[in-house]
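Take a look at the structure set out below.
Atoms within each ligand, like the ligands themselves, are counted from 1 in listed order.
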Amino acid sequence: MGRYDYPSTSFLTVVFFLFCFCPMVFSLLPQNQTETMNNLSKNLPPTIPWSGSDPCAWKGVSCDPANSSVVGISLSGFSLPSSDFLPLVCQIETLEHLDVSKNRLSSIPDGFITECGKIKGLKLLNFSVNKLGGVLPTFHGFDALESLDMSFNVMGGNIGLEIDGLVSLKSLNLTFNGFNGSLPTKLGKSLVLEHLLLSNNTFDGKIPDELLSYENLTWIDLKNNKLSQSIPINIGKLSKLETLILSTNSLTGEIPTSLVNITKLSRFAASENRFTGSIPSGITKYLTSLDLSYNNLSGAIPEDLLSPPQLQVVDLSSNTINGSLPRKVSPKLFWLRLGSNQLSGNIPSDAFVGVHNLTYLELDNNILTGSIPAELGSCRSLALLNLAQNRLSGVLPQQLGNLTNLQGLLLQFNNLNGTIPTQIGQLPRLLTLNLSRNSLSGSIPSEITNLGELNFLYLQGNNLSGSIPISIANLSRLLVLQLGENHLRGVIPNMPLNLLVSLNLSSNLFSGPIPSFYGLNSLEVLDLSNNSFSGHIPDYLISMPSLTRLILSNNPLLSGEIPKFSNNVNVEYFGTGLKNNTEQDNRNSNTESEKNGISLAVSILITIVVAIFLAGLVTLLVVSVSHLYYTICVQTTN
Ligand SMILES: *[C@@H]1O[C@H](CO)[C@@H](O)[C@H](O)[C@H]1NC(C)=O
Ligand SMILES: *[C@@H]1O[C@H](CO)[C@@H](O)[C@H](O)[C@H]1NC(C)=O
Ligand SMILES: *[C@@H]1O[C@H](CO)[C@@H](O)[C@H](O)[C@H]1NC(C)=O
Ligand SMILES: *[C@@H]1O[C@H](CO)[C@@H](O)[C@H](O)[C@H]1NC(C)=O
Ligand SMILES: *[C@@H]1O[C@H](CO)[C@@H](O)[C@H](O)[C@H]1NC(C)=O
Ligand SMILES: *[C@@H]1O[C@H](CO)[C@@H](O)[C@H](O)[C@H]1NC(C)=O
Ligand SMILES: *[C@@H]1O[C@H](CO)[C@@H](O)[C@H](O)[C@H]1NC(C)=O
Ligand SMILES: *[C@@H]1O[C@H](CO)[C@@H](O)[C@H](O)[C@H]1NC(C)=O
Ligand SMILES: *[C@@H]1O[C@H](CO)[C@@H](O)[C@H](O)[C@H]1NC(C)=O
Ligand SMILES: *[C@@H]1O[C@H](CO)[C@@H](O)[C@H](O)[C@H]1NC(C)=O
Ligand SMILES: *[C@@H]1O[C@H](CO)[C@@H](O)[C@H](O)[C@H]1NC(C)=O
Ligand SMILES: *[C@@H]1O[C@H](CO)[C@@H](O)[C@H](O)[C@H]1NC(C)=O
């Protein structure tokens, strides 16, 4: 009121501060803003580090270059429990940015909408990561608001006209809420919207044609909703679109060919829907990333699909795509997943030559024939090579030993023959080696025991002969060793201690007494069935602390009494000479079957826990590579 009536007092104050408190900075803000900021600070919990005479120096407060007005307030990540302070903020008429993300705000006071709506220059409101509930407030005013972020809250209900009055709105982010009903189509009368992020809600119905009026849209993310019906056929009208994400909905129909015309489109993801028909030719002409996995797409892969030179990621896995693999591949290709389709023919030998960034190659679960091209050895970035479940034949090329970044080599369920090349031992990062269910012969090369990181080794179901390499104990990180269904024989060497969880030597030609597995403290499953082991069950087996399943079936030469194992060990001894003489007299059959039931349940439970643990490890591998994927592919497209 009378604040400005006494300029001399202000002047004296300035002089006083200048001479007596020289090091202390004082505010250049108009007095009413300084006062509002001080009042605001009093309304906030004491944990907010706002003190000192110059609000422009407070953490999270930004001022214009002359320090003559407050333009930004960020109170992000303070766990603020109450939004009562918000209307006060609206007294800062010069405010342009307000960020109250990452707090525990549960409502927006009416006073905030009416008062802040009057601020002429307010451009950004960030309420993301709070606990806001209820429906979206109706925004009046806010003429300059360009960016509204209310993502990661618990809001719900339909969206009608609430934001249509935001005539400057360029970015709307309502990701991860509970909004439902049809997708909103009134997104600012002046149609200047550029970013529309509505993922992780429960919107249903079709993608409305009205969205195509927002011709400035560059980013649409509708992932993880309940959208159905087809994509508007003329979506190609959105000529500025760079990112289109429609994954995890129930969309049907064909992929519209008009998408091919969007020259700016860099990332198109529509996985986990019910799209049918074939993949439009030319779809990847401008793309860096295409994800159409988990749909019902059919037909052949267009011959030009993989060749555009900017292309980095293609995922068409889990469709019913047939025909052969394209012969020309982008030199920038980073991730190619074509697994679980009906692709046939050979893996073209020259397609992958010089594709130095190829990190993920998954062609598993198709009907590919012919041999594994030695040229794959030139894809030196490969971290995962998954060709499992095909009809590949011929020998394993020794050039695979050049793939020194390989973490997963999955070739199981094919018709591969010949020996395991010693060069496999040159893969220092390998975590999983699965060559099971092929026709590999010869002995297990001792070089394989150089794979110091190996967690999973699956060689079962081949024609491997000879004995287990004596140095197998070097695989000190091994969790699972599957050597069953081969022609292995001879002395069983010491096994890697500590980590080994599952050891399967079943259906081989092993003979003699059960060897010492002493010290395998993590071993849960030991399968020695279908061999010619003889003699008694060694006593130390009963003290293996983690054992839940001991499978000795079909070793006719095993004899003697089964020692008393703890209740959670399930011993299978069908087809042996073993006898169970455990005192039968002092228990009736009822409690016995009960006990067996419990012990089986316990062992199943433990097996499940182990399985989850193992799955976790595999996920870790996948996650670390996906992280790489996001760093390289998503961030560069942003
Ligand atoms: C604050 O002071 C400025 C002049 O310094 C004036 O333009 C503005 O209207 C005042 N605001 C309020 C809320 O009084
Ligand atoms: C600051 O708070 C005081 C006391 O509540 C009040 O009298 C004054 O008007 C407030 N000033 C502003 C600028 O809001
Ligand atoms: C504005 O205030 C900040 C924080 O106190 C200070 O670092 C900066 O030098 C000031 N700028 C001007 C032009 O006074
Ligand atoms: C809002 O805040 C969150 C969390 O601090 C941040 O990740 C996000 O980028 C912000 N949104 C906008 C539009 O700046
Ligand atoms: C919401 O979307 C905007 C626009 O793309 C983005 O800048 C912002 O970071 C997003 N918010 C969060 C919390 O990710
Ligand atoms: C789209 O953006 C351009 C350039 O930023 C702008 O001139 C135009 O008014 C915007 N709106 C529409 C509807 O095209
Ligand atoms: C969206 O929800 C799905 C599952 O409902 C979840 O897996 C995903 O992480 C969520 N996305 C984000 C960005 O939180
Ligand atoms: C793509 O653009 C060309 C030229 O503008 C046009 O003739 C053609 O019909 C468009 N194709 C689709 C599928 O929209
Ligand atoms: C391979 O990726 C790296 C970054 O990961 C990039 O710098 C390089 O240019 C890419 N090479 C090709 C041929 O795309
Ligand atoms: C690839 O492997 C082969 C056979 O193991 C070897 O002769 C060749 O030198 C390797 N090439 C490179 C580039 O390492
Ligand atoms: C592998 O199988 C093919 C037939 O598929 C046969 O011609 C070849 O001799 C076999 N090679 C070895 C080493 O057994
Ligand atoms: C042996 O018999 C006892 C009692 O009949 C039973 O509890 C135990 O589970 C049996 N052991 C095996 C290995 O079947």
Which heavy atom of [X] sits nearest to which heavy atom of [Y], and what is that distance?
X	Y	result
Asn462	Ser439	OD1-N, 3.3 Å
Leu411	Leu435	CD1-CD2, 3.8 Å
Asp164	Gly188	OD1-N, 3.1 Å

Task: Ionic contact status for Glu485 with Arg437, cut-off 4.0 Å - done: yes
Suppose I only count heavy atoms of [X] and a 4.0 Å limit; which atoms of ligand 5 are within that range?
X	result
Leu197	2 (O), 4 (C), 5 (O)
Asp149	1 (C), 8 (C), 10 (C), 11 (N), 12 (C), 13 (C)
Ser151	11 (N), 12 (C), 13 (C)

Task: Among Val192, Leu191, Asn216, Leu193, closest by any non-hydrogen atom to atom 14 (O) of ligand 6 - done: Asn216
For [atom], is the nearest protein heavy atom under 4.0 Å away?
atom	answer
atom 11 (N) of ligand 6	yes
atom 2 (O) of ligand 5	yes
atom 7 (O) of ligand 5	no

TODO: Look at atom 5 (O) of ligand 5 and say which protein heavy atom is nearest, naming residue and atom and giving the distance to 0.1 Å.
DONE: His195 ND1, 3.1 Å
Task: Protein contact to atom 13 (C) of ligand 11 [nearest heavy atom, distance to 0.1 Å] - done: Gly418 CA, 3.7 Å
Task: Backbone or side-chain N or O of Ser128 under 3.5 Å from ligand 5 N or O - done: no
Open item on the list: I'd like to check whether Ser171 has a polar contact with ligand 5, where a contact means an N/O of the residue lying under 3.5 Å from an N/O of the ligand.
Closed with: no
Task: Heavy-atom side-chain contact between Leu191 and Asn216 under 4.5 Å - done: no
Task: Per-atom contacts, ligand 11 versus Asn417 - under 4.0 Å to a heavy atom - done: 1 (C), 2 (O), 3 (C), 8 (C), 10 (C), 11 (N), 12 (C), 14 (O)
Task: Whether Phe127 and Phe112 hold their rings parallel, tilted or perpendicular, with breakpoints at 30° and 60° - done: perpendicular
TODO: Indicate the ring-plane relationship of Trp335 and Tyr360, choosing parallel, tilted or perpendicular according to the 30° and 60° boundaries.
DONE: tilted
Open item on the list: Within the 3.5 Å criterion, strictly below it, is a donor on Asp99 or Ser101 matched to an acceptor on the partner's side chain?
Closed with: yes
